[in-house]
A.B. asks: 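Following this message is one structure expressed as structure tokens.
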Amino acid sequence: QVQLVESGGGLVQAGGSLRLSCAASVRTFSNYAMGWFRQAPGKEREFVAAINRNGGSTDYSDSVKGRFTISRDNAKNTVYLQMNSLKLEDTAVYYCGAKNTYGSFWYRRRSEYDYWGQGTQVTVSS
């Protein structure tokens, strides 16, 4: 069983920055591709960013590309999401997901992830 705990959410003004963290309790973190998703009120959970097992390859949704950066530290069992130039529409609960894989890919679909954290709220104000 893998436990994921997100942190770093909060209230920030538009144009500001936040860094989210997701700590994983797992023996071999490098066996997992990781992703960030978000869910705004009344909307489906949507893909934000993903990273492969060794951190060498990443992917982003069009809505955050150029503003958000996903990274990971396998020695600390942690994945990060640096969010810059935040917009009102970035307001959502942010979740990290983990996928056990032997491949070197990242994953965009919710259904591909095996484990989820409880989420952290990000609120962007005007």
Side-chain angles (χ1 to χ4, degrees):
Q1 186 72 14
V2 175
Q3 288 189 319
L4 303 173
V5 179
E6 301 97 335
S7 60
L11 175 64
V12 62
Q13 285 192 323
S17 298
L18 280 176
R19 188 175 84 152
L20 305 184
S21 299
C22 172
S25 61
V26 63
R27 179 171 295 180
T28 311
F29 184 59
S30 59
N31 283 349
Y32 292 82
M34 302 296 293
W36 285 97
F37 289 69
R38 67 187 182 187
Q39 188 167 16
K43 294 189 176 182
E44 295 285 318
R45 191 175 300 188
E46 65 173 3
F47 169 75
V48 175
I51 190 166
N52 71 343
R53 294 192 305 149
N54 65 9
S57 182
T58 59
D59 187 40
Y60 299 90
S61 68
D62 288 343
S63 61
V64 308
K65 196 172 295 182
R67 300 187 297 123
F68 291 10
T69 303
I70 187 172
S71 62
R72 66 189 293 161
D73 185 338
N74 285 350
K76 295 183 178 181
N77 284 17
T78 302
V79 62
Y80 305 97
L81 185 68
Q82 178 66 44
M83 306 186 294
N84 298 330
S85 302
L86 283 161
K87 304 177 180 180
L88 295 178
E89 53 264 40
D90 293 320
T91 295
V93 178
Y94 283 71
Y95 299 89
C96 70
K99 175 178 175 59
N100 192 349
T101 178
Y102 292 105
S104 60
F105 306 107
W106 34 255
Y107 299 88
R108 279 181 158 248
R109 291 185 291 205
R110 283 173 50 189
S111 60
E112 294 178 300
Y113 285 80
D114 303 308
Y115 303 98
W116 293 95
Q118 82 291 346
T120 185
Q121 176 71 46
V122 171
T123 303
V124 184
S125 65
S126 57

A.B. asks: Between A24 and L4, what is the shortest heavy-atom contact and its length?
C.D. replies: CB-CD2, 3.5 Å
A.B. asks: Take the angle between the ring planes of W116 and F37 and call it parallel below 30°, perpendicular above 60°, tilted in between.
C.D. replies: perpendicular
A.B. asks: Please confirm whether the backbone N or O of G55 pairs with a side-chain atom of R72, one donor and one acceptor, at under 3.5 Å?
C.D. replies: no
A.B. asks: Closer than 3.5 angstrom, by distance alone: can the side chain of N52 be matched with the main-chain N or O of S104 as a donor-acceptor pair?
C.D. replies: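 It does hold such a pair.
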A.B. asks: Do F47 and Y107 sit in the same hydrophobic cluster, where Ile, Leu, Val, Met, Phe, Trp and Tyr count as joined when their side-chain heavy atoms come under 4.5 Å apart?
C.D. replies: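 Yes, it is one cluster - the side chains of F47 and Y107 are joined through contacts under 4.5 Å.
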A.B. asks: Measuring from atom CD of Q3 to atom CG of N77, what distance do you get when rounded to the nearest 0.5 angstrom?
C.D. replies: 12.5 Å
A.B. asks: Distance from T69 atom OG1 to L81 atom CG, nearest 0.5 Å?
C.D. replies: 8.0 Å
A.B. asks: What closest approach, in Å, do V26 and Y32 show between heavy atoms, and which atom pair accounts for it?
C.D. replies: CG2-CE1, 3.4 Å
A.B. asks: If you compare all heavy atoms of A50 against all heavy atoms of Y113, which two are closest, and at what distance to 0.1 Å?
C.D. replies: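 Closest approach of A50 to Y113: CB-OH, 3.8 Å.
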A.B. asks: Counting only heavy atoms not in Q13, do more than 12 fall under 6.0 Å of its CD?
C.D. replies: no
A.B. asks: Which distance, rounded to the nearest 0.5 Å, do you find between the CG of D114 and the CD of E112?
C.D. replies: 10.0 Å
A.B. asks: If we ignore hydrogens and angles and just use 3.5 Å, is the side chain of R53 paired with the main-chain N or O of G103 as donor and acceptor?
C.D. replies: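 Checked: pair present.
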A.B. asks: Under 3.5 Å, is there a donor-acceptor pair between the side chain of E6 and the main chain of C96?
C.D. replies: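 Checking the backbone N and O of C96 against the side chain of E6, a donor-acceptor pair under 3.5 Å is found.
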A.B. asks: Are the side chain of T78 and the backbone of K76 linked by a donor-acceptor contact shorter than 3.5 Å?
C.D. replies: yes
A.B. asks: Are L18 and L88 grouped together when hydrophobic residues (ILVMFWY) are joined by side-chain heavy atoms under 4.5 angstrom apart?
C.D. replies: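 Linked within one cluster.
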A.B. asks: Report whether Y80 and M83 are members of the same hydrophobic cluster (ILVMFWY, side-chain heavy atoms less than 4.5 Å apart, transitive linking).
C.D. replies: no
A.B. asks: Verify the neighbour count for atom NZ of K43: are there more than 12 heavy atoms of other residues, nucleotides or ligands below 6.0 Å?
C.D. replies: no
A.B. asks: Same cluster or not: F29 versus W36, using hydrophobic residues (I, L, V, M, F, W, Y) connected whenever any side-chain heavy atoms lie under 4.5 Å apart?
C.D. replies: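 F29 and W36: one cluster.
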A.B. asks: What residues, two or more places apart in sequence or in another chain, satisfy side chain to side chain contact (heavy atoms under 4.5 Å, CB included) together with S7?
C.D. replies: S21
A.B. asks: Does D90 pair with K87 as a salt bridge, N-O distance under 4.0 Å?
C.D. replies: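 Salt bridge between D90 and K87, a charged N being under 4.0 Å from a carboxylate O: no.
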A.B. asks: Quick check for you: to the nearest 0.5 Å, what is the distance between S111 atom OG and K99 atom NZ?
C.D. replies: 8.5 Å
A.B. asks: When rounded to the nearest 0.5 angstrom, what distance separates OH in Y94 from SG in C22?
C.D. replies: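 Going from OH on Y94 over to SG on C22, the span is 14.5 Å.
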A.B. asks: Identify which one of R38, R109, R110 satisfies the salt bridge (Lys or Arg N to Asp or Glu O under 4.0 Å) criterion when paired with E46.
C.D. replies: R38
A.B. asks: Working to the nearest 0.5 angstrom, can you tell me the gap between Q121 CD and Q39 CD?
C.D. replies: 11.0 Å
A.B. asks: Using every non-hydrogen atom in the two residues, find where V48 and V64 come nearest and quote the distance to one decimal.
C.D. replies: O-CG2, 3.5 Å
A.B. asks: State yes or no: do Y95 and F68 share one hydrophobic cluster built from I, L, V, M, F, W and Y residues joined by side-chain heavy-atom distances below 4.5 Å, directly or via other members?
C.D. replies: no
A.B. asks: I need the minimum non-hydrogen distance between S17 and N84, along with the two atoms involved.
C.D. replies: OG-OD1, 2.9 Å
